[in-house]
Amino acid sequence: MAYVTDTRPRTYRAAIVGTGFMGRVHSHAIAVAGGSVAGIAGSTPERALEAAASLRAEAVFEDLADLIDAADVVHVCVPNHLHAPIALAAIAAGKHVVCEKPLATDAATARAMTEAAAEAGVVAAVPFVYRFHPMVREARARVAAGQIGRLTLAHGSYLQDWLLRPGDDNWRVDADKGGALRAFGDIGSHWCDLLEFVTGDRITAVSAQLSTANRRRSGRDVSTEDIVTLQFATAAGMVGSTVISQVSAGRKNRLLLEISGTEETLSFDQEQPETLWVGGRDRSAVLMRDPDHLAPDAARLARVPAGHPQGYQDCFNAFVADTHAAIGGQTPDGLPVFADGLRAARLAEAVADSARTRDWTEVPHD
Ligand code: SOE
């Protein structure tokens, strides 16, 4: 006699295109979600062969069509300019897709990808994974329940330092591979997604400045920005600002989001994801991630008891698990999909436009 305890669909046979850091994060999350990596492809077969063991790959493919054919879900983890052709090929073959952000280097292409996925009826997800921190869900539940009052102000920053020095380099630096906006596309998109996810509000207008601290890297001119300062207004009447930087010494991956309402302020720091600061006029508190005392959606994402820290990879694991559930016909709350990637691409174009015209730019409606 056997008791069936796991009814998840056994069809999460993944292909991973791209063998860098993100490929490894995806591979781990696929394994935790009960899936397998049917195959991988890299920029060269040699690189893919080298990465095969760490990506848990069953096979290395030279031909993209063959790789897509071998899988149910295609994970696209390559430089940004290659997202669209690979994702569209997978969708055309009727495969589900997980595509890294920014979804595309322009909004028209992101829209075409979103429409193609909808027409094909496939699940098409984008890893805005900070949504999967339990304390982010807790903040969202508190805003939705009206606990912080009427929203008035949001501010924060997303700061890194891995491109601080003129010798620091990466494909993201080149506009033809990464897109015209680098820091905003790479990390500003996360900040804006998190703001809109937590508040359910929408940025309606932006005023942006771009700055390139290192105008030359590795002996070539650089056009993409290292820093963005952004002011914004929202549909619900909030005003706010954020600073995005990849050249802030000592800041490794510090996303700070603070939202104020007429009753309370909530503050979340991605580098301290086990806590949420709740500010009050008379009393303030630091909430711990304790599943026994969290909103149901936050408790759902708690993998281990209070006092046993969980973090970035857990977010990624939960994201892939929810993608898996969506493929199985469920509708997990808060799964970031191509429409969210399109939203980020529209925001990026508004930011670029505002910086160019030195004026406020309206963000087009979805
Ligand atoms: C690099 O800047 C990077 O890995 C981003 O691409 C991720 O989306 C972000 O989570 C961390 O930093």
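Remember, it's a predicted structure, so these values are computed and weren't measured experimentally. We count ligands from 1, going down the list as the structure has it; atoms in each ligand are counted the same way. What you see below is based on every heavy atom in this structure, not just the backbone, and it leaves out hydrogens, waters and symmetry mates.
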In this structure, atom 6 (O) of ligand 1 is nearest to the protein heavy atom Asp186 OD1, 2.6 Å
- prompt: Between Asp322 and Arg131, does at least one N-O distance fall below 4.0 Å, as a salt bridge requires?
  reply: no
The closest protein heavy-atom partner of atom 8 (O) of ligand 1 is Lys101 NZ, 2.7 Å
Problem set entry | Sub-4.0 Å heavy-atom contact, Glu100 with ligand 1 | no
query = Is the backbone of Ala302 close enough, under 3.5 Å, to the side chain of Gln310 for a donor and an acceptor to pair up by distance?
reply = no
inquiry  = Assigning hydrophobic clusters by single linkage (Ile, Leu, Val, Met, Phe, Trp, Tyr; side-chain heavy-atom cutoff under 4.5 Å), is Val76 placed with Val25?
reply    = no
Is any NZ, NE, NH1 or NH2 atom of the basic residue among Asp174 and Arg182 found under 4.0 Å from an Asp or Glu carboxylate oxygen of the other? no
In Thr224, Asp186, Asp168, Asn170, the residue satisfying side-chain hydrogen bond (donor to acceptor under 3.5 Å, both in side chains) with Gln246 is Asp186
Atom 10 (O) of ligand 1 has as its nearest protein heavy atom Tyr130 OH, 2.5 Å
When distances are taken from atom 4 (O) of ligand 1, the protein heavy atom at minimum range is Phe21 CE2, 4.0 Å
Under 4.0 Å from one or more heavy atoms of Tyr158, ligand 1 contributes atoms 9 (C), 10 (O), 11 (C)
Going by the 4.0 angstrom heavy-atom rule, the piece of Val129 near ligand 1 is neither
Practice problem: Over 60° means perpendicular and under 30° means parallel, so classify the ring planes of Phe316 and Phe319, tilted if in between. | Solution: perpendicular
Below 4.0 Å from ligand 1: does a non-hydrogen atom of Phe316 turn up there or not?
no
The closest protein heavy-atom partner of atom 12 (O) of ligand 1 is Gln160 NE2, 3.0 Å
I'd like to know if Lys252 pairs up with Asp161 as an ion pair, taking the criterion as any Lys NZ or Arg NE/NH1/NH2 lying under 4.0 Å from an Asp or Glu carboxylate oxygen. yes
Atoms of ligand 1 under 4.0 Å from any heavy atom of Trp162, numbered from 1 in the order shown, are 1 (C), 2 (O)
